[in-house]
Participant: 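One structure coming up, written as structure tokens, with questions to follow.
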Amino acid sequence: MNLLEGTKTRFVIPVYQRNYDWKIENCKQLFDDLEDVISEGVESHFFGSIVSKADGPDTRIVIDGQQRITTSYLLLLALVSKLREGSIASEDDNLADMINEEYLIDKWHKSERKLKLKLIKDDQAAFEAIYSADAEKFIQDSNVTQNFIYFCGRIDKTKLTADQLRDAIERLMIIDIKLGKEDDAQRIFESLNSTGLDLNEGDKIRNFILMGLDAQMQEEYYEQYWNEIEKNTGYDVSSFARDWLAAVRRKTPAIKKVYSVFKDYVRTEFKDCAKAGAFDAKALLEELLKYSKHYKAINAADSGNHGLDAVLRRLILLDMSVMNPFTLNLFEYRRCGEISDQQVIEALKSVETYLFRRWVCKVPTNGLNKVFETLHSEVLRGVKDGGSYPDVLNKVLLSKEGSGHFPDDAEFMQAFEERDFYRIAGYKYYLFDRLENGDSFERVNVVDNLRDESFSIEHIMPQTLSTSWQQDLGDDFAAIHARWLNSMANLTLTAYNSKYSNRRFAEKRDMENGFKQSGFRINGFVCQQEAWGEEQLKARNELMKRKFLELWPPIESDFEWGNDAYEEHALDDDFSFTGRQIATYSFMGSRFTAKTWVDMICGVLSMVYERDPVIFRKFVPEGSDFPGRYFSRKESDYCFKVGEGIYFNPGSSTWVKIETLKIVFEAAGIDCSELLIELYKSKTGDPS
């Protein structure tokens, strides 16, 4: 491995690179390969490529390959450590010093840091602690430290001598790619097919922002902005970037396309007017840092307002990260002083009720992305018309249709009657915390105690009926058991589940720490009952229904839309466009006015034709199959021209136009979300 040997060159990992991420399994594979090299007599073993760019005569900036370089240094450092301990034999008494001075340090370097490898901040601290050989200074939660320790352990166990291990390391073959000043490091970096760990979308975004800056500015921006962004997002920048893009673009990118969408958005919205094709990195980082602070406050329930944090904690328990684009925009609106904390609380309580009612009713969640991408912007339209934010938000939620609808009381209570509230996985933390504590400041720590199993969910009527329970329930015991077992009427909280077992009700009530002595509010009705059968279950069922309607009440709104107000739907929304009047439409990022649905479909089909004319040949010559009968090769008075030799008959219903576009988009490989249709809220009719 002469790339590292006998040279003054220092390898520098720039701050825009990710942290050292190789795990034990990667190191195990490398060490296994080295043992095979010796045992099988292999002349060389391919270890991947290194891409670097010169930064002065003695420094190489590593563009790709830091995982392999760092791991190689850790292995050499482990070998030196074990040689000095005497844990591995060598024919050369000076081998440790030779490896140290040939590979690890430049002893004549003017800097106090003579190590030939410079990692990014936290990794470098761990690396220097290892080199110091002072175990008390080791940073144990670093991959650098743990992989060094692993190599030390493998060296203790290997049958290889130190000379054989060094020989095996030197047989590692690396393709060394050195870039010139004229080479585009970012483009080359993106195109590499690395043999190491795949970069996630956040890694690529960091590189994209910082790579084009000079070294000093990289360091400055990394410390001032990027490091803080990573901390604020729990080092999951990929998820944060996706939510941020959804918030600012009103459209959620696929997780694997976050980076490409991010680049396109940034180059348009943060354009540096002074440099062609460049973007303003500082302005971008300031924006990301601002939103990352919101992200942290939302996900840690740390807004600085007690009431607001209480609602946020409940939403976290509901595990509804799908609403992050909305809450990010809401918190930015709050930061700007446009909304009071009390109004934020009211708005989030409505969203909480919306989400919980839908969960109880088992409404599919696949439509929620689109709801929360556009919710804030929809509400702002009403606020501009004079409505208060919470009131307009309620109006918007109540107007949702299809898979986005708000379940009314009738649907909610019907689902309540049929729902299994026992087998609900993680939702039990939210549900039973809410039922026990409500909005009281005197709280029982239900969540933590359920998690560590100090508390449990108790069936008052047990899951397995003893003979005594069958007798107590009467002749219809089987039907009663089947109907009520996992209903809300039969479930409660206890800290003494194992003692209750399937005892008769009177025993559960009167025993030490039984229902009569329970400190839980939720057991108030239960402890007063003389028996537990269908009569009591029905009575408690009614109490719980009233409790559900109290905690998750219907939402109301007095707001009325103005004549020029409109709502927005994507082509593939679960929504009926029939009977609605179109105002504008946006396709592939461009917005157009439209007086009629004909204006819209003519414009969209023509743009699709310009993009991919061949796909229209699938629909002509016209046939009976939908939508072929609406296409023609011949010009006529009632058809409009899509493209050369392709005509479309728009004399059809709105439903036909919408379904035609869906089929055309699928044939052209266009996502239906690329077409956004804005409809007047207060106008009806279906002008074609």
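All of these numbers come straight from a predicted model, not from anything done at the bench. Atoms considered below: every heavy atom in the structure, side chains included; atoms not considered: hydrogens, waters and symmetry mates.
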Participant: What orientation do F412 and W552 show, parallel under 30°, tilted 30 to 60°, or perpendicular over 60°?
Facilitator: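 The rings of F412 and W552 stand perpendicular, inter-plane angle above 60°.
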Participant: Got a salt bridge between D420 and K362, using NZ or NE/NH1/NH2 to carboxylate O under 4.0 Å?
Facilitator: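 No, no charged N to carboxylate O under 4.0 Å.
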Participant: Under 6.0 Å from the CD atom of E535, do we count more than 12 heavy atoms belonging to anything else shown?
Facilitator: no
Participant: Please determine whether a side-chain nitrogen of the Lys or Arg among E507 and R504 lies less than 4.0 Å from a carboxylate oxygen of the Asp or Glu.
Facilitator: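 No, this pair does not count.
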Participant: Between F559 and W561, does the ring centroid distance fall short of 6.0 Å?
Facilitator: yes
Participant: Would the number of heavy atoms belonging to other residues, nucleotides or ligands and lying under 6.0 Å from NZ of K137 be above 12?
Facilitator: no
Participant: Heavy atoms, side chains only, cut-off 4.5 Å: are L473 and W532 in contact?
Facilitator: no
Participant: Examine the side chains of D236 and S239 and answer whether a donor and an acceptor come within less than 3.5 Å of each other.
Facilitator: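 A donor-acceptor contact under 3.5 Å links the two side chains.
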Participant: Tell me, do L543 and R546 make a side-chain contact under 4.5 Å, heavy atoms counted?
Facilitator: yes
Participant: Does R381 pair with E567 as a salt bridge, N-O distance under 4.0 Å?
Facilitator: no
Participant: Under 6.0 Å between ring centres, would you say that holds for Y291 and F331?
Facilitator: no
Participant: Report yes if the distance between the aromatic ring centroids of F575 and H405 is under 6.0 Å, otherwise no.
Facilitator: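 No, the ring centres sit 6.0 Å or more apart.
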Participant: Which heavy atom in T233 sits nearest to a heavy atom in S292, and how many Å separate them?
Facilitator: CG2-CB, 4.1 Å
Participant: Taking the six-membered ring for Trp, are F326 and F372 parallel (under 30°), tilted (30 to 60°) or perpendicular (over 60°)?
Facilitator: tilted
Participant: Are there more than 12 heavy atoms of other residues, nucleotides or ligands under 6.0 Å from atom NZ of K545?
Facilitator: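 Atom NZ in K545 is packed in, count exceeds 12.
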Participant: Under 4.0 Å between a side-chain nitrogen and a carboxylate oxygen: does that hold for E201 and R242?
Facilitator: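 Between R242 and E201 there is no salt bridge, as every charged N stays at least 4.0 Å from the carboxylate O atoms.
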Participant: Salt bridge check: are R357 and E411 linked by an N-O gap of less than 4.0 Å?
Facilitator: no
Participant: Looking only at the side chains, is there a donor atom on one of E352 and Y430 sitting less than 3.5 Å from an acceptor on the other?
Facilitator: yes
Participant: So which of L315, T365, V360, D319 actually passes side-chain contact (heavy atoms from CB on, under 4.5 Å) with L355?
Facilitator: L315
Participant: Any salt bridge linking E568 with R250? Criterion: basic side-chain nitrogen under 4.0 Å from a carboxylate oxygen.
Facilitator: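 Here E568 pairs with R250 in a salt bridge, since their nearest N and O are under 4.0 Å apart.
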Participant: Salt-bridged, R335 to E332, with N to O below 4.0 Å?
Facilitator: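 Result for this pair is yes, salt bridge flagged.
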Participant: Treating Q529 as the side-chain partner and F525 as the backbone partner, does any N or O pair qualify as donor plus acceptor under 3.5 Å?
Facilitator: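 Here the side-chain-to-backbone pair exists.
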Participant: Would H294 and F240 count as a close aromatic pair, with their ring centres under 6.0 Å?
Facilitator: no
Participant: Considering only NZ, NE, NH1 and NH2 on the basic side and carboxylate oxygens on the acidic side, decide whether K28 and D32 come within less than 4.0 Å.
Facilitator: yes
Participant: Taking the six-membered ring for Trp, are F455 and Y429 closer than 6.0 Å centroid to centroid?
Facilitator: no
Participant: Looking only at side-chain N and O atoms, does E417 offer a donor or acceptor that is under 3.5 Å from a partner on N541?
Facilitator: yes
Participant: Tell me whether D510 is salt-bridged to K516, with the criterion being a basic N under 4.0 Å from an acidic carboxylate O.
Facilitator: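 A salt bridge is present here (some side-chain N lies under 4.0 Å from a carboxylate O).
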Participant: With respect to D433, which candidate in R443, R314, R521, R451 satisfies the salt bridge (charged side-chain N to carboxylate O under 4.0 Å, His left out) definition?
Facilitator: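 Answer to the salt bridge (charged side-chain N to carboxylate O under 4.0 Å, His left out) test with D433 among R443, R314, R521, R451: R443.
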Participant: Using 30° and 60° as the class boundaries, would you call the ring planes of W359 and Y427 parallel, tilted or perpendicular?
Facilitator: parallel
Participant: Test side chain to side chain contact (heavy atoms under 4.5 Å, CB included) on V344 and Y389; report intermediate values, then the result.
Facilitator: CA-CA 8 Å; V344 174; Y389 196 101; over 6 Å; no
Participant: Judged by modelled atom types alone, do W244 and N324 share a side-chain donor-acceptor pair under 3.5 Å?
Facilitator: no
Participant: Is there a side chain to side chain contact (heavy atoms under 4.5 Å, CB included) between Y20 and L74? Walk through the geometry before answering.
Facilitator: CA-CA 11 Å; Y20 174 63; L74 291 175; 3.8 Å; yes
Participant: Check this for me: does any side-chain nitrogen of one of R483 and D476 sit under 4.0 Å from a carboxylate oxygen of the other?
Facilitator: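 Result for this pair is no, no salt bridge flagged.
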Participant: Within a radius of less than 6.0 Å around CD of E666, do more than 12 heavy atoms belonging to other residues, nucleotides or ligands occur?
Facilitator: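 Incorrect, the count does not exceed 12.
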